[in-house]
Amino acid sequence: MSVDVMCTMTISDMSYDTPGLRVLIFGDKLDSLPRVKVVGDIIRFHRVTMQNFNGIPQAVANVSKFSAYVLLSGKKDDSYEPYQTSSKGFTFEQHDRNIIDLIRDWIVTHPIGTGGGEYLVQIRRLKEGAFFDLCCKVLYVHNHAPDYAILMYVWDGTDAQPVDDMALHLLEADNAYREDMDPKHLPLSRLSQDVLRSLPSKGTILPVVPDIPSEELRPQLPPLGAWVKFRNLTCRIRHGSYEAVFMRESKISLLGPDSKLVKDCEGNYQQRAFSEEAGLPEWSPKPLECLTVTDYEHVPFSTLREVFCHAQVTQKFRCLVQVVAIWPVKVTDFCAPSSFRQKQMTLEAHSMKDNTAGKVAGYGRDLSQINKPNGYTYRIQLTVEDPTARIQAYLCAEDATRFFNGHPPADLHNNGIVVDALERKAYKLLGLPFNNKAENSSSLRKHSPPWIKCCLKSYYLDKENPWSSRRFRIFGTTLPG
DNA sequence: TTGGGG
């Protein structure tokens, strides 16, 4: 049991380049530890103890007792003035300046952290339960997140793989599952328009959650927009999405914009952004084997993050997504008496008038349906996702009839044939085996919903609050068969 | 002393 604080670093110079020397630094408080501004800076140690750990030499510095350090920039032509020292009474002579010059020159031709190490993975290679290092950009930091809440969102330009047991994960969340709890949706819906616009359009945004009190992590939180290297994170799945867990054994270090790790990430992303498959998730089938057909087949795909972050409230898109949940759960509830919906439909029709896109004018017809004798209308919510975001999209009225390739709205409680047909389609969308639908949840394991293309449009319910009342719905899409 | 890739 110790009350000391500790940090580790790997140091190298021209005499000991790879793998470098591991240094463990103990102090009595966080402020006494060296806080390296950027990997590649220079540190001078005094009175470290050399040890041998598992056959590998390592140094131990005890700053609260006898060791000391001086920390300064590793950049050529920067000041010789240290930006942090463990004690006030340090000396710095011409001899030291000469060594600093030598090291600064050497760094230019020997970039730091080139290999990345055996544990380094990209977000696209994340596996549940794995321990890994990650080079990534910090897109957002919750400076005042409570303990164990999402602390930051990071990105490396790659797409996380679809989660295998999606239905199971969402079932476990059960009633607790809400749009605003969605780890992929939450960051987006809480962010200001400015931040949303600044997000890259592709690549998974990974939440990082601390497994230690946030208080311990807060002092070392990186600045927004910084590139960092995490050491020894672990990965778990929550509500069907990956999250990285920052453990007591995890470490974070700031990377300079010139480091090879960062250049590699940026280069890969640029390559991807300008490739033929720019709009496609890395994990969707190629060539596209889609269950659905859409209007506007010539329109390029947008990612769901582009949909969510778009600068206009009302807009139309074509997307390639997986349906991970359908509500209502019972197909017999897919249609409801229209009168329930009359008020909202009126509002939606109203908002459509402000949509400059011509093809949505038909929404006024929803209103005429309300007064039809049968008085039923489709009202379904699909949770759709791609590697960039998860959103709730409504499938309503004529768009639903079109989607299901027939089956006009009706009271489905007395219509076994239609219910059977719709159930088959719902199971197909979710990638579930229809024959086992009554079995226990083990039949849900290992399913990954098929990718479907769909047209999506955004609209709003309240003219006074267009952004907060923004919704999405599916249109122009058919699931044949 | 502590911890060090669980």
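Keep in mind it's a predicted model, so treat the numbers as computed, not measured. Reminder, nothing fancy here: chain letters follow the sequence lines and each chain counts from 1.
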Point to revise | A/Met6, nearest nucleotide to its side chain (from B/dG3, B/dG5, B/dT1) | key: B/dG3
Study note, to complete from the structure: note: A/Ile25, atom CD1; B/dG3, atom P; distance rounded to Å ~ 15 Å
Exercise for review: Tell me whether the guanidinium CZ or amine NZ of A/Arg379 lies under 6.0 angstrom from the six-membered ring centre of A/Tyr394 and within 45° of its axis.
Suggested key: yes
Review point. Judged by modelled atom types alone, do A/Glu282 and A/Thr158 share a side-chain donor-acceptor pair under 3.5 Å?
Key: no
Study note, to complete from the structure: By nearest-heavy-atom nucleotide on DNA chain B, the more 5' of A/Ala59 and A/Glu249 is A/Ala59
**Study point:** Selection: residues 61-69 of chain A, any non-hydrogen atom under 4.0 Å of DNA chain B
**Key:** A/Asn62, A/Lys65
**Study point:** Minimum-distance nucleotide (side-chain atoms of A/Arg231 versus B/dG5, B/dG3, B/dT1)
**Key:** B/dG5
Point to revise | Between B/dG3 (C1') and A/Ile56 (CD1): distance, integer Å | key: 15 Å
Review point. For A/Lys76, which residues count as a side-chain hydrogen bond (donor to acceptor under 3.5 Å, both in side chains) partner, sequence neighbours excluded?
Key: A/Asp105
Point to revise | Between B/dT2 (C1') and A/Arg248 (CZ): distance, integer Å | key: 13 Å
Practice item. In whole angstrom, give the distance that lies between atom CG of A/Leu33 and atom P of B/dT2. Key: 17 Å
Practice item. Check every atom of B/dG5, B/dT2, B/dG3 against the side chain of A/Tyr119 and return the nucleotide holding the closest atom. Key: B/dG5
Review point. Who passes salt bridge (Lys or Arg N to Asp or Glu O under 4.0 Å) against A/Asp147, sequence neighbours left out?
Key: none
Review point. Tell me the ring-ring contact (aromatic ring centres under 6.0 Å, His included) pairs involving residues 49-103 of chain A, sequence neighbours left out?
Key: none
**Study point:** Spacing of A/Lys251 atom NZ relative to B/dG3 atom C1', expressed in whole Å
**Key:** 8 Å
Check your understanding: Can A/Phe26 be said to stack with the base of B/dT1, given centres closer than 5.5 angstrom and planes under 30 degrees apart?
Key -> no
Study note, to complete from the structure: Residues passing the side-chain hydrogen bond (donor to acceptor under 3.5 Å, both in side chains) test with A/Thr10, sequence neighbours excluded, are A/Arg22
Practice item. Under the side chain to side chain contact (heavy atoms under 4.5 Å, CB included) rule, collect the residues that match up with A/Ile56, sequence neighbours excluded. Key: none
Check your understanding: How close or far is atom P of B/dT2 from atom CG of A/Leu30, stated in whole angstroms?
Key -> 21 Å
Exercise for review: Figure out the CG/P separation between A/Leu24 and B/dT2, and round it to whole Å.
Suggested key: 12 Å
Study note, to complete from the structure: To the nearest angstrom, the NZ-P distance between A/Lys229 and B/dG5 comes to 11 Å
